[in-house]
Amino acid sequence: MRVTICAVGRLRAGPEFTLVSEYLDRFGKSGRGLGLGPASVREVESKKGGGMVAEGKLLAAVLPENSVRVVLDERGKTLNSREFAELLRRWRDEGRRDCAFLIGGADGVEKGLRQEADIALSFGSMVWPHMLARVMLAEQLYRAASILSGSPYHRE
Ligand SMILES: C[S@@+](CC[C@H](N)C(=O)[O-])C[C@H]1O[C@@H](n2cnc3c(N)ncnc32)[C@H](O)[C@@H]1O
């Protein structure tokens, strides 16, 4: 199952970019034998303004067809890392070819996209900058692949 992170905003070279690249690379390697990955990033930017609605249209345009959709949203459901890994495993076992994660901009993900998503996933009720949410997602993808492969990276 391929993973696509559809995100508002361009991540320039810097610590967040390095971390996202590193974790997604590790996810790709750990997930290969599990039928998970690779992961890629599709970034959108509304240069003419238009806020959340314009960003929503751009995000919808880059979503892979028939993908399972996960919106990252602080009001969403919190999962522990094993539960997140199980969710990925279930979608993979159901034969889903694509899983898309949506990360919004300063105003969040447009309402329609939030309502249509298969799940809204929260990293806690605090609001994080979108680039940190991207780093955390990339790390949790790698952690999920480590859990499913039985690697000792994840400990409880
Ligand atoms: C600066 S936040 C936007 C917050 C905005 N108030 C809202 O209503 O969504 C940018 C993006 O980062 C992600 N994000 C921030 N905090 C999050 C959290 N605690 N859990 C999940 N995603 C989060 C979401 O995708 C959000 O759209």
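For reference, positions follow the sequence shown, starting with 1. These figures come from a predicted structure and were not determined experimentally. For ligands, and for the atoms within them, numbers begin at 1 and follow the listed sequence.
At least one N or O atom of Leu72, backbone or side chain, sits closer than 3.5 Å to an N or O atom of ligand 1. For ligand 1, the polar-atom distance check against Ile103 finds no nitrogen or oxygen pair separated by under 3.5 Å. Not a single N or O atom of Ala106, backbone or side chain, sits closer than 3.5 Å to an N or O atom of ligand 1.
Counting heavy atoms under 4.0 Å from ligand 1, residue Arg75 touches it through the side chain alone. Contacts between Ser125 and ligand 1, counted as non-hydrogen atom pairs separated by less than 4.0 Å, are absent for every part of the residue. If you look at Val8 next to ligand 1, there are no close heavy atoms at all, none under 4.0 Å. In Asp73, the part holding a heavy atom less than 4.0 Å from any atom of ligand 1 is the backbone.
Of the protein's non-hydrogen atoms, the one nearest atom 6 (N) of ligand 1 is Glu74 OE2, 3.7 Å. Nearest non-hydrogen protein atom to atom 17 (C) of ligand 1 is Trp128 CD1, 3.9 Å.
Ile103 is not connected to Leu63 by any chain of hydrophobic side-chain contacts under 4.5 Å among Ile, Leu, Val, Met, Phe, Trp and Tyr, and they are in different clusters.
When Gly105, Gly108, Ala133 are checked for heavy-atom proximity to atom 10 (C) of ligand 1, Gly105 turns out nearest. Among Met126, His130, Arg134, the residue whose heavy atom sits closest to atom 19 (N) of ligand 1 is Met126. Evaluated by nearest non-hydrogen atom to atom 26 (C) of ligand 1, the leading choice among Gly76, Gly104, Ala7 is Gly104.
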Intermediate values then yes/no, salt bridge (charged side-chain N to carboxylate O under 4.0 Å, His left out), Arg90 and Glu94: CA-CA 6 Å; Arg90 174 157 67 81; Glu94 286 172 0; 3.4 Å; yes

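Heavy-atom proximity to Leu121, at under 4.0 Å, picks out these atoms of ligand 1: 21 (C). Close approach of ligand 1 to Phe123 is summarised as follows: ligand atoms under 4.0 Å from at least one heavy atom of the residue are 18 (C), 19 (N), 20 (N), 21 (C). Ligand-side atoms of ligand 1 in range of Val127: 1 (C), 2 (S), 4 (C), 16 (N), range being under 4.0 angstrom from any heavy atom.
In this structure, Glu65 places its CD atom where only 12 or fewer heavy-atom neighbours from other residues, nucleotides or ligands lie under 6.0 Å away. Other residues, nucleotides and ligands contribute over 12 non-hydrogen atoms within 6.0 Å of the CZ atom of Phe123.
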For residues 27-40, which side-chain N or O atoms pair as donor and acceptor with protein atoms under 3.5 Å away, sequence neighbours left out?
residue	atom	partner	partner atom	Å
Lys29	NZ	Asp25	OD2	2.8
Ser30	OG	Arg26	O	3.0

Pairs under 3.5 angstrom only: tabulate donor-acceptor contacts from the side chains of residues 4-11 to other protein residues two or more places apart or in another chain.
residue	atom	partner	partner atom	Å
Arg10	NE	Glu45	OE1	3.3
Arg10	NH1	Glu43	O	3.3

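Nearest heavy atom pair, residue His130 against residue Gly104, reads CB-O, 3.4 Å. Scanning all heavy atoms of the two residues, the minimum distance from Ala100 to Pro64 falls at CB-CD, 4.0 Å.
Residues Arg82 and Glu156 are in side-chain contact: their nearest non-hydrogen atoms beyond the backbone lie under 4.5 Å apart.
Ion pairing between Glu139 and Arg143 holds under the 4.0 Å rule for side-chain N and carboxylate O.
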